[in-house]
Protein chains: 2
Amino acid sequence: MERQRRIPEATVARLPVYLRTLLDVQTDGVTTISSERLAELAGVNAAKVRKDLSYLGSFGTRGVGYDVDHLLVQMSRELGLTRDWPVAIVGVGNLGAALANYGGFGDRGFPVAALIDADPTKVGTTLGGHTIRHLDDLPAVVNELGIAIGIIATPAAGAQEVADRLVAAGVTSILNFAPAVVTVPEQATLRKVDLALELQVLSFYGQRDSIGSSLREELGVSAESTNSGA
Amino acid sequence: MERQRRIPEATVARLPVYLRTLLDVQTDGVTTISSERLAELAGVNAAKVRKDLSYLGSFGTRGVGYDVDHLLVQMSRELGLTRDWPVAIVGVGNLGAALANYGGFGDRGFPVAALIDADPTKVGTTLGGHTIRHLDDLPAVVNELGIAIGIIATPAAGAQEVADRLVAAGVTSILNFAPAVVTVPEQATLRKVDLALELQVLSFYGQRDSIGSSLREELGVSAESTNSGA
DNA sequence: CCGACCTTGTTCTCTTGTTCACAAAGTGCC
DNA sequence: GGCACTTTGTGAACAAGAGAACAAGGTCGG
Ligand SMILES: NC(=O)c1ccc[n+]([C@@H]2O[C@H](COP(=O)([O-])OP(=O)(O)OC[C@H]3O[C@@H](n4cnc5c(N)ncnc54)[C@H](O)[C@@H]3O)[C@@H](O)[C@H]2O)c1
Ligand SMILES: NC(=O)c1ccc[n+]([C@@H]2O[C@H](COP(=O)([O-])OP(=O)(O)OC[C@H]3O[C@@H](n4cnc5c(N)ncnc54)[C@H](O)[C@@H]3O)[C@@H](O)[C@H]2O)c1
C-alpha cells in the first residue's frame, strides 16, 4: 500500500520556504511549531501548511504541533537536500561573476563547481577559485565534476544552444537567467528567473493602482463593486 | 458598456513573454503573426495566447492573425510601459552592484535612478554614475527622483525593514531578492526572486528523476503504472 | 483516570487556470 | 460575387489550487 507520492507543484515551490523558516526557528531554540505559527512566519494560510506537510507523510502531533527537527529531516530528504548538487555557471559576465562570488549557494548544498564561458579571452582566467573552462569542454566538465545543475547566465541569443549542450552533456536541471524562451526535452527540468518580467508585472500593478486611486477619487468609493460575473 | 477589465494574474505574467517575443519578430520585419506562431515562439498553448490577448480587447483579424505593431502598442499600454519607472536599488553589495551595472533595465523603461545602502563606508561612493545614498535619505530620494520601484538586495535580516521604509516613503512596487518572507500592506505589490528556492525545486525534480530511473531499471518499465488513486 | 482543550489531517466547496472544440468572421482566389 | 480556406474569439469541460470547516486524535491539568 504505497503512500500517495504525487506532491503538487505548488507545494514543491513552498517547501523551500517552510524549510528556511524552520531553520530560522530552530536556530532560536524552538523545538515544536504549530501549523498556525509556521503559516504566519512563512506568509501563507495555515490550512495550506497542513495540507502541504501532509504530502510529506510526516506526522505532527495533534494538540501539540510539529517537531521542528523531524520536519526538517523529512523535508530535506524529500527535496533531495541530503546530497550536494554541484552547479556549473555558464556565461561568466556581470551576472555570472556575481553568482560565482556569492557564497550562499555552497552553504545550502549547491556548490559552484565549474565556470564556463565561450569567450576565449575569459577561458583560463580564474574567479572565486575556479578556472573558467570553455563551452566545448562541457561534457568533460560535467563528467569530471558530477555537475547536476546548470545555470545559464549568457545573453539571450546563446541561451537555447547552451541549454541544448547542457542536456546533451547529461545535465537535466537548468536555471535560466537569460530573457529568452528556452525549451528542454521532457526528462529535463528548466526553471527561469526573468527580472524584466518581474519589473513589467510590477509596472502593470503599479499603473493599475494609480488608475484605481484616480478612479476611486473621481467616482467615490464604488471601486469595490467589481462583480465576479459568471 | 465597459469592457471586461480584470486581467487574470496568470495572464499578466505571460504578457511580458509575448511582448519580448513580438519585439523579436518585429526586428525580423514580421508585421503579422498568428496565435499559433506566437504560441510556438513563446512556448505556450495557442488557445492560451488567444484568450490572453482577448483580455487586452485587442483585435486580431480572422483568417490573418494579429498585427504585430498594434499588438505591441496595446500590450505596452496595458503593462504601463508607456512611461518610465525609475528604480531604486537598496543594498549595494555583490548582487546590488551587478544589477546597478546592468544596462538591460534602463533600455526597457526601468532606469536605475538611485542606489541606497546602510553602510556608512559605502554611502557617498559612486557606482555606475550614481552616488550611493544613505537609507535614511530614502524619503527624500524617492521624492526627488520619482522612484516607482524598489529592489531589495540586502541580507535577509534587513529585508523587512527596508520594505517597510520603502512603503513608508511611498514606493508601492517592490522586488525582493533577499531570502526572507517579506510582507507589505495590501496597496503595495511585492514580488520575489528566490534563487535558493529555485535550486531546491530543481533538486526535488532532479532527485525524483534519478529515483525514477533507478526504479525503472530495477523494476522494468512498470514505472508508468502510477494509478491516480481516488 | 477523566475531561477540557488544542491542533492535526482531511473532506468539501469555491475559485482560478488550462485546454479543447467550434461557430463566426474575414481574406483572397477564381 | 461567391466559395474555399484560414484564423480568431469564446463557451464549456476539465484540472489544479486555495481555504473553510470539522471530526479525529492526542495532551495535559486536575
Ligand atoms: N547582469 C544583470 O544584473 C542581469 C540582470 C537580469 C538579467 N540578466 C541576464 O543575464 C544574462 C547575463 O547578463 P550579464 O550582464 O552577465 O551579461 P554579460 O554580457 O556581462 O556576460 C555574458 C557572458 O556570457 C558569455 N557568453 C556569451 N555567449 C555564450 C555562449 N554561447 N556560451 C557561453 N558563454 C557565453 C560571454 O562571453 C560573457 O562572458 C543576460 O541574458 C542578461 O539579460 C542580467
Ligand atoms: N550575490 C548573489 O549572487 C545572490 C544570489 C542570490 C541571492 N542573493 C541575496 O541577495 C542579497 C544580497 O546579496 P549580496 O551578495 O549582494 O550581499 P552583500 O553582503 O554583498 O551586500 C549586502 C549589502 O546590503 C547592505 N545592507 C545591509 N543591511 C542593509 C539595510 N538594512 N539597508 C540598506 N542596505 C543594507 C550592506 O551594506 C551591503 O552593501 C542577500 O539577501 C542574498 O541572500 C544574492
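Lettering follows sequence order; numbering is per chain, from 1. Quick caveat, the model's predicted, so the values are computed rather than measured.
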Figure out the CZ/P separation between Arg6(B) and dG17(C), and round it to whole Å.
13 Å
Phosphate-side-chain proximity, Tyr55(B) and dT10(D), N/O vs OP1/OP2 below 4.0 Å
no
Compare side-chain N and O positions of Tyr66(A) against OP1 and OP2 of dG26(D) and report whether any pair is under 4.0 Å apart.
no
For a quick test of reading the model, state the closest non-hydrogen atom pair linking Gln187(B) to Thr172(B) and the distance between them.
O-CB, 4.2 Å
Expressed in angstrom and rounded to an integer, what is the separation of Lys48(A) atom NZ from dT15(C) atom P?
16 Å
Listed nucleotide nearest any side-chain atom of Lys51(B), set dG9(C), dA18(D), dT19(C)
dT19(C)
Whether Arg14(A) contacts dA18(D) is assessed here as follows: a side-chain N or O lying under 4.0 Å from the phosphate OP1 or OP2. Is that the case?
yes
Shortest non-hydrogen pair, Ala178(B) vs Ala159(B), comes out as CB-CB, 3.8 Å
For Gln74(A) versus Leu56(A), what's the shortest heavy-atom pair and its separation?
OE1-O, 4.3 Å
Between dT8(D) atom C1' and Leu56(B) atom CG, what is the distance in whole Å?
14 Å
If you define the side chain from C-beta out and look only at heavy atoms, does anything of Leu197(A) sit under 4.5 Å from Arg20(B)?
no
Among dT19(C), dG17(C), dG9(D), the nucleotide that comes nearest once only the side chain of Arg62(B) is considered
dG9(D)
Run the side-chain hydrogen bond (donor to acceptor under 3.5 Å, both in side chains) test on Asp52(B) and Thr11(B) for me, step by step, so that the C-alpha distance in whole Å, both residues' side-chain angles and the decisive distance to 0.1 Å come before the verdict.
CA-CA 6 Å; Asp52(B) 285 344; Thr11(B) 296; 2.7 Å; yes
Nucleotide dT7(D), atom P - distance to CD of Glu40(B) in whole Å:
13 Å
The single option from Asp24(A), Val17(A), Leu23(A) passing side-chain contact (heavy atoms from CB on, under 4.5 Å) against Thr21(A):
Val17(A)
Donor + acceptor pair across side chains of Thr82(A), Arg77(A) (<3.5 Å):
no
Residues of residues 16-39 of chain A with any non-hydrogen atom less than 4.0 angstrom from an atom of DNA chain D: list those, numerically ordered, please.
none
Nearest nucleotide by nearest heavy atom, which residue falls closer to the 5' end of DNA chain D, Thr61(A) or Glu9(A)?
Glu9(A)
To the nearest Å, give me how far apart CZ (Arg50(B)) and C1' (dG9(D)) are.
8 Å
Can you tell me which nucleotide in dT19(C), dG9(D), dT10(C) comes closest to the side chain of Phe59(B)?
dG9(D)
Between C1' of dT8(D) and CG of Leu71(B), the distance in whole Å
13 Å
Checking Gln160(B) side chain against Thr183(B) main chain: does a donor-acceptor pair fall under 3.5 Å?
yes
When you check the phosphate oxygens OP1 and OP2 of dG17(D), does a side-chain N or O of Asn45(A) lie under 4.0 Å from one of them?
no
Rounded distance in Å - CG (Asp67(A)) to P (dT8(C))
13 Å
Can you tell me the distance, in whole Å, between the CD atom of Gln74(A) and the P atom of dT8(C)?
16 Å
Looking across every strand, which nucleic acid part, if any, lies under 4.0 Å from Ala47(B) by heavy atom: base, sugar-phosphate, or nothing?
base
Let's see if you can work this out: which of dT19(C), dT8(D), dT10(C) has an atom nearest to the side-chain heavy atoms of Ser54(A)?
dT10(C)
